Protein chains: 2
Amino acid sequence: MKQDATSKLALNTYTKLMRGAESVTVRVGRKMSDAGLTISQFGVLEALLHKGPMCQRDVASKILKSTGNITLVIDNLEKQGLVQRERSLEDRRYCTVLLTEKGRGLIEATFAEVEAAIVAEMGVLTDAEQETLGKLCKKLGLREG
Amino acid sequence: MKQDATSKLALNTYTKLMRGAESVTVRVGRKMSDAGLTISQFGVLEALLHKGPMCQRDVASKILKSTGNITLVIDNLEKQGLVQRERSLEDRRYCTVLLTEKGRGLIEATFAEVEAAIVAEMGVLTDAEQETLGKLCKKLGLREG
DNA sequence: CCATAACGATTAAATGTCAAACTATTTTTT
DNA sequence: AAAAAATAGTTTGACATTTAATCGTTATGG
């Protein structure tokens, strides 16, 4: 294939990937904002729900954000009474972050909504297409950063 | 397929799509920040380079951002002398945004870098795989928002 | 013609984002 | 054990982003 055609195909694919991911993100994100949560806040609560209490560093790596950012997100969640910080006794550098009852209730309900939205979004693809999409996206993610 | 398996596949596909798109974005975005541009700034300059001068509303829809946002992004580009605003004479509500010489030089050089990065990213997929990925992503983007 | 609606741009407030500098604490080295 | 390095978290500064409110301009229906 000529160099120019290669570039064209790559740019085209890139654009479609970005637009597709973006529009899914926007529509799924609406379920989160309906619940009064930002995407980051949802990510933090979801991690705590499914993985249990963890320190901020682990939260950050779980949702692929910087630790400086996590501090703020957790600040805001704490203000709303959705999570709680506990300074570790063994190693006082660590904060363990855990869900409050209120936080657990909210994320359980919201997660169900979001899950349904994701299933609906992906429902435009057959199972086989989803498998294929997953494999291709995984390949793209594997390169070194 | 059982409902549970359907959900699991959808969630799995969703996660891979998000991670794949995110990691490509980060790596390609690095070329932009190397040039001192944010992703949005790059998007604005790129639109102006390839589509010619346009009003802010068109810029906004081109890069899928709100008009309030565009005002700020263009403010910052203008401060750096990369673009220029011109209030339209026929209809004074419109601002035409156009590239300066400096802006044109920067975006031409940066676009080449970014294009190369995109080609490299997509290069992990065969041409056929890229076609497939493009089609699947397009399907995902088509739903009503 | 004039009141009002529509429209483009701007501004403001809230949140998020990263990078870099900084603090507190623990571990490692010497 | 003291000094140095590493680690977790916080703070700060610059930019981004959205939504909603506002300003100025243009179009439209009575």
Side-chain angles (χ1 to χ4, degrees), chain A residues 18 22-23 25-45 53-80 82-98 145, chain B residues 18 22-23 25-45 53-80 82-98 145:
Chain A
M18 292 302 139
E22 172 70 9
S23 65
T25 299
V26 166
R27 291 190 296 257
V28 170
R30 206 162 288 150
K31 298 296 174 188
M32 301 174 192
S33 57
D34 285 350
L37 295 174
T38 65
I39 292 180
S40 289
Q41 289 175 342
F42 176 87
V44 170
L45 296 181
M54 62 179 83
C55 72
Q56 296 190 185
R57 169 156 281 281
D58 290 344
V59 174
S61 73
K62 204 93 199 88
I63 68 171
L64 306 174
K65 294 291 150 60
S66 71
T67 69
N69 188 13
I70 287 306
T71 295
L72 177 63
V73 174
I74 290 179
D75 280 352
N76 289 330
L77 287 173
E78 205 171 29
K79 275 180 206 151
Q80 296 175 59
L82 300 173
V83 304
Q84 198 178 334
R85 276 182 173 100
E86 270 177 17
R87 188 63 71 166
S88 165
L89 297 179
E90 309 114 45
D91 187 334
R92 296 169 44 73
R93 288 172 302 185
Y94 288 74
C95 273
T96 301
V97 185
L98 36 89
Chain B
M18 293 302 140
E22 170 71 9
S23 66
T25 299
V26 166
R27 291 191 294 258
V28 170
R30 207 162 287 150
K31 299 296 175 189
M32 303 174 192
S33 58
D34 285 351
L37 296 173
T38 66
I39 292 179
S40 289
Q41 289 174 342
F42 176 88
V44 170
L45 295 181
M54 62 180 82
C55 72
Q56 296 190 186
R57 168 156 283 281
D58 291 343
V59 174
S61 73
K62 205 91 200 88
I63 69 170
L64 305 175
K65 295 289 150 62
S66 70
T67 69
N69 187 12
I70 289 305
T71 295
L72 176 64
V73 173
I74 290 179
D75 279 352
N76 289 330
L77 288 172
E78 205 173 29
K79 275 180 206 153
Q80 295 175 60
L82 299 173
V83 304
Q84 198 178 332
R85 277 183 172 100
E86 269 177 18
R87 186 64 70 167
S88 166
L89 297 178
E90 309 112 47
D91 189 333
R92 295 170 47 70
R93 288 173 299 184
Y94 288 73
C95 270
T96 301
V97 186
L98 36 89

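Letters go in sequence order (proteins before strands), and every chain restarts at 1. FYI, side chains are in, hydrogens and waters are out, and symmetry mates aren't considered; it's all heavy atoms of this structure. The shown structure was predicted, so the numbers you read here are calculated from the model rather than taken from an experiment.
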Could you list all N or O pairs between the protein and nucleotides 24-27 of chain D that sit under 3.5 Å apart?
| from | atom 1 | to | atom 2 | distance (Å) |
| --- | --- | --- | --- | --- |
| D:dT26 | OP1 | B:R92 | N | 2.8 |

Heteroatom pairs (N/O) under 3.5 angstrom, protein to nucleotides 17-20 of chain C:
| from | atom 1 | to | atom 2 | distance (Å) |
| --- | --- | --- | --- | --- |
| C:dT17 | OP1 | A:S40 | OG | 2.8 |
| C:dT17 | OP1 | A:K65 | NZ | 3.2 |
| C:dT17 | OP2 | A:S40 | OG | 2.1 |
| C:dT17 | OP2 | A:N69 | ND2 | 3.1 |
| C:dT17 | O5' | A:N69 | ND2 | 3.1 |
| C:dC18 | OP2 | A:S66 | N | 3.0 |
| C:dC18 | OP2 | A:S66 | OG | 3.2 |

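Residue pairs meeting the salt bridge (Lys or Arg N to Asp or Glu O under 4.0 Å) criterion with at least one partner in residues 53-74 of chain A, sequence neighbours excluded, are absent. For residues 66-76 of chain A, the set of pairs meeting the salt bridge (Lys or Arg N to Asp or Glu O under 4.0 Å) definition, not counting sequence neighbours, comprises A:D75-A:R85.
Rounded to an integer number of Å, the gap from NZ of B:K79 to P of D:dA14 is 11 Å. For B:M32 and D:dC15, the CE to P distance is 18 Å, given to the nearest whole Å. Spacing between atom CZ of A:R57 and atom C1' of D:dT10 amounts to 13 Å, rounded to whole angstrom units. C:dA9 atom P lies 12 Å from atom CE of B:M54, rounded to whole Å. Atom CD1 in A:I70 sits roughly 15 Å away from atom P in D:dT11 (whole-Å rounding). Rounded to an integer number of Å, the gap from A:L37 CG to C:dG16 P is 10 Å. One interatomic measurement links the two molecules: CZ of A:R30 to P of D:dT19, which rounds to 9 Å at whole-angstrom precision. Rounded to whole angstrom, the span from the CG atom of A:N76 across to the P atom of C:dA14 amounts to 12 Å.
For the residue pair B:R93 and B:R87, the shortest heavy atom distance occurs at O-NH1, 3.1 Å.
Residue-level contact check: B:T71 touches the bases, meaning some heavy atom is under 4.0 Å from a base atom.
Taking the salt bridge (charged side-chain N to carboxylate O under 4.0 Å, His left out) definition, one finds that A:D34 meets it with nothing, sequence neighbours left out. Residues passing the side-chain contact (heavy atoms from CB on, under 4.5 Å) test with A:L72 are A:N76, sequence neighbours excluded.
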Run the side chain to side chain contact (heavy atoms under 4.5 Å, CB included) test on A:T71 and A:Q56 for me, step by step, so that the C-alpha distance in whole Å, both residues' side-chain angles and the decisive distance to 0.1 Å come before the verdict.
CA-CA 8 Å; A:T71 295; A:Q56 296 190 185; 3.6 Å; yes

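Taking 4.5 Å as the limit, some side-chain heavy atom of B:I39 sits within range of a side-chain heavy atom of B:T25. Within the 4.5 Å cutoff, the side chain of A:L64 has no heavy atoms near those of the B:V26 side chain.
Between the CG atom of A:L77 and the OG1 atom of A:T38 there is a distance of 7.0 Å, given to the nearest 0.5 Å.
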